[in-house]
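For reference, the structure is listed below as structure tokens.
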Amino acid sequence: MALILDGVRLRRRGEIWLDDISLELSSGMTMLVGPMAAGKTTLMRVVAGLLPPDAGRVTVNGADVTSVPVRKRSVAFVYQQFINYPSLSVYENIASPLRLARDLSRAGIDRRVREVAELMGLGELLDRRPAELSGGQQQRTAIARALARPVDVLLLDEPLANLDFKLREQLRADLRTMFQGSSSVVLYSTADPTEALTFAAPTVVLGEGRVRHVGEVAEMYARPPTLAVAAALSDPPLNVLPGVVRDGRVECLGTSFPAPHAHRPAHSPVQDVTQEAAQDVVLGVRPHHVTIGEGGPGTLAFPAEIRLAEVTGSATFLHLLLTGRRHLVAQLPGTQLFVPGESTTAFVDPAHLFVFDENSGRLLAASAASTASTASTASTAAEVDPHG
Amino acid sequence: MTDQTTAVTGGRAHGRAGGQAGGGAAEPRDEPDRRADAKPRNNRAWLLVLPVVVSVTFTALIPLMTVVNYSVQDIFSPNDRIFVGLEWFRAVTRDPEIRAAFLRTLLFSAQVLLVEIPLGVAIAVAMPRRGFWVSVALVVVALPLLIPWNVVGTIWQIFARADIGLGGWTINHVLGIDFNYTLDSTDAWLTVLIMDVWHWTPLVALLAYAALRSIPDPYFQAAQIDGASAWATFRRIQLPRLRGVLTIAILLRFMDSFMIYTEPFVVTGGGPGNATSFLSVLLSKIAVGQFDLGPAGAFSLLYFLIVQIVSYVFFTVLTRTGR
């Protein structure tokens with residue numbers, strides 16, 4: 001089973017919704033990650049045939065389906081909202097796509113409905129109506145409806161976004177086992193970086209209607225090729241600071257550190273950051289790499305004012321204001337108490353900083369910690385990391 | 001007996017206070033007093049309700065009681081009246097003319113509901129969901145509702161005329177069907193029925209349209225993906241959403257058509273013969289035309305009761321089945 005999108009474009013009301021999307025997806029699960037309004041739902045609706053693209057082709061198993069109407073396509077769709085027929089029981093809801101397909105006998109339908117219901121843990125609820133179910137059960141019904149009929153393409157558009165935390169975790173685990181080794185092309189979209197990471201599937205990062213990157217999610221997380229990918233995969237959001245590379249050092253808000261030169265993406269148009277006279281860069285650091293109190297030797301120190309401390313129990317999120325009115329969020333372990341308005345110092349190990357080119361957004365240097373396994377980074381790591 | 005009770009409760013209260021405080025300085029307080037302290041009474045709310053009470057009294061209660069007063073008296077002149085009890089009610093329920101008008105009105109209401117509800121829903125389903133044509137469709141559909149009732153009557157009175165009316169002339173001279181609502185009772189009935197359909201189907205359509213618009217798009221997309229037909233989509237997704245508004249639409253249309261007066265009065269005046277003399281037309285004839293205040297009063301009360309009861313039954317049945 002293969003789904004190929006070739007140069008798909010879509011424009012509505014003068015806005016670009018999808019811009020030259022080309023993807024090749026094979027059987028099994030693919031994650032579609034991106035912030036809100038990245039084009040995830042639009043792309044899924046194009047794949048389903050609900051929206052005709054302005055240009056480009058959609059191919060399933062070698063057959064061009066771009067102009068095939070929805071009814072004739074072999075797709076299933078699970079929405080963020082729990083979409084079921086309100087007047088039908090759970091049983092009838094699951095059975096309806098099978099009945100409409102007319103390729104199973106009555107007994108066959110009955111067997112399949114019970115099978116899928118059992119799989120989704122709905123066995124006891126078959127006589128209920130959607131309104132009599134909890135949100136999680138309603139979404140399970142919607143997923144069961146989508147699973148009932150074997151389809152070429154199964155689309156799940158943020159299926160867990162409207163569920164509460166506990167149900168989400170549980171259903172996520174169920175779905176993961178269910179879709180592994182699926183013979184359909186399963187496209188699963190999410191705006192939640194944690195969700196994308198836990199599924200550990202091939203991942204497409206989408207942003208502003210474009211494909212930002214395609215690859216393995218863990219690798220993308222460790223070494224985000226662009227700022228957009230780093231931002232899409234960071235939860236809590238990535239801290240972004242301005243910087244300048246000058247004379248072999250990266251300067252940032254009054255501090256500086258040696259520019260990591262040994263490691264850079266092979267396809268980067270910039271040859272070597274250390275050779276540039278002065279280059280504007282964007283530094284990205286994840287909140288859990290920011291520490292407070294004391295930093296080891298070689299770490300960057302940023303004087304900061306405490307604005308707000310959010311305690312979640314297992315973590316404390318400290319919102320800081322740096323010089324130049326730059327915001328920085330530190331994720332600290334456990335419950336820690338801070339007084340807003342007080343001054344403190346935030347420490348960042350340069351090894352955990354991603355350096356992106358300001359214009360292209362491409363990664364110029366990765367953090368040493370995430371690339372330590374790569375031999376070529378050893379010298380960089382040694383330079384900035386005293387423990388290395 | 002009462003003294004004894006007071007004594008007993010009083011004694012118990014004292015005993016408890018003593019036991020609790022253990023000889024302390026706890027002041028024995030009365031229960032009602034304490035309650036008054038906790039929740040001060042505020043009678044000012046009555047002042048706020050007063051305007052409503054006064055206006056309802058003047059506009060509804062007093063006129064209604066006047067009708068009740070008429071219905072139990074035989075009035076010859078303002079100073080010469082005798083109490084007749086339920087005599088008028090008996091007379092009204094036995095009157096063949098009123099009975100015929102009652103059945104006629106009931107039949108008319110049934111026909112109105114049978115036509116207007118499905119037609120209104122069909123129009124609502126056919127109306128566009130978004131885009132430029134939404135406002136056009138809304139204006140066109142709502143237009144009949146904006147026309148005053150007697151003007152609607154006048155429009156149709158002229159429109160349906162065989163000699164100068166566009167509709168009547170077309171039927172007679174283009175379709176070749178003999179149509180004259182001033183002479184033929186079936187033609188008159190149909191004219192009034194079609195006029196009501198023209199005037200009030202838009203109300204049903206607009207109510208249904210509002211309910212249909214509230215269905216999120218993903219429902220329709222999901223049905224499309226399932227491969228559901230238009231009929232199945234209507235049955236499974238749209239119709240369940242319409243239950244609430246259709247209850248209201250049926251109620252409104254029943255009450256309104258059962259009390260229809262202005263339009264048939266303008267178009268046919270109840271004729272030819274008695275063909276379109278509905279209850280309200282007959283009532284006004286008795287009350288204002290013949291000035292028989294006693295029978296008219298009894299008639300009005302019965303009419304009022306019928307509408308109330310039928311509406312109540314409708315509402316109860318339709319809201320019960322929803323559960």
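Since the model is a prediction, treat every value here as computed from it, not as a measurement. In what follows, chains carry the letters A, B, and so on, assigned in the order in which the sequence lines appear, proteins first and then strands, with residues in each chain numbered from 1.
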Notebook entry, point to check: How many angstroms lie between CZ in Arg73(A) and CD in Gln224(B), if you round to the nearest 0.5 Å?
Noted result: 11.0 Å
Margin query: Quick check: closest heavy atoms across Arg149(A) and Ile225(B), and the distance to 0.1 Å?
Written below: NH2-O, 3.8 Å
Checklist line | Contact origin within Asp157(A) toward chain B - heavy atom pairs under 4.5 Å | finding: neither
Next item on the list: Find the one option among Ala228(B), Pro216(B), Ala223(B) whose heavy-atom pairs under 4.5 Å with chain A are most numerous.
Entry: Ala228(B)
Next item on the list: Give, as side chain, backbone, both or neither, the part of Ala142(A) having an atom under 4.5 angstrom from any heavy atom of chain B.
Entry: neither
Margin query: Let's test your reading of the structure: which of Pro97(A), Ala48(A), Ser74(A) forms the most heavy-atom pairs below 4.5 Å with chain B?
Written below: Pro97(A)
Next item on the list: Measure the CZ-OG distance between Arg241(B) and Ser87(A) for me, rounded to the nearest 0.5 Å.
Entry: 11.0 Å
Margin query: Please check if the number of heavy atoms outside Arg71(A) that lie under 6.0 Å from its CZ is greater than 12.
Written below: yes
Margin query: Counting only heavy atoms not in Arg99(A) (residues, nucleotides, ligands), do more than 12 fall under 6.0 Å from its CZ?
Written below: yes
Checklist line | Crowding at CZ, Phe108(B) (>12 non-hydrogen neighbours, <6.0 Å) | finding: yes
Margin query: Please identify, among Val75(A), Leu88(A), Ile83(A), Asn84(A), the residue contributing the most non-hydrogen atom pairs under 4.5 Å to chain B.
Written below: Ile83(A)
Notebook entry, point to check: Do the side chains of Asp226(B) and Tyr85(A) get nearer than 4.5 Å, heavy atoms only?
Noted result: yes
Next item on the list: Decide if atom CZ of Arg210(A) counts as having more than 12 heavy atoms of other residues, nucleotides or ligands within a radius under 6.0 Å.
Entry: no
Next item on the list: List the atom of Gln81(A), the atom of Pro218(B), and the distance in Å for their closest heavy-atom pair.
Entry: NE2-CG, 3.9 Å
Check: Considering all heavy atoms of both residues, which atom of Tyr219(B) and which atom of Phe82(A) are nearest to each other, and what is their separation?
Finding: OH-O, 3.9 Å
Item checked: Contact origin within Ala232(B) toward chain A - heavy atom pairs under 4.5 Å -> neither
Check: Do other residues, nucleotides or ligands put more than 12 heavy atoms under 6.0 Å from the CD atom of Glu132(A)?
Finding: yes
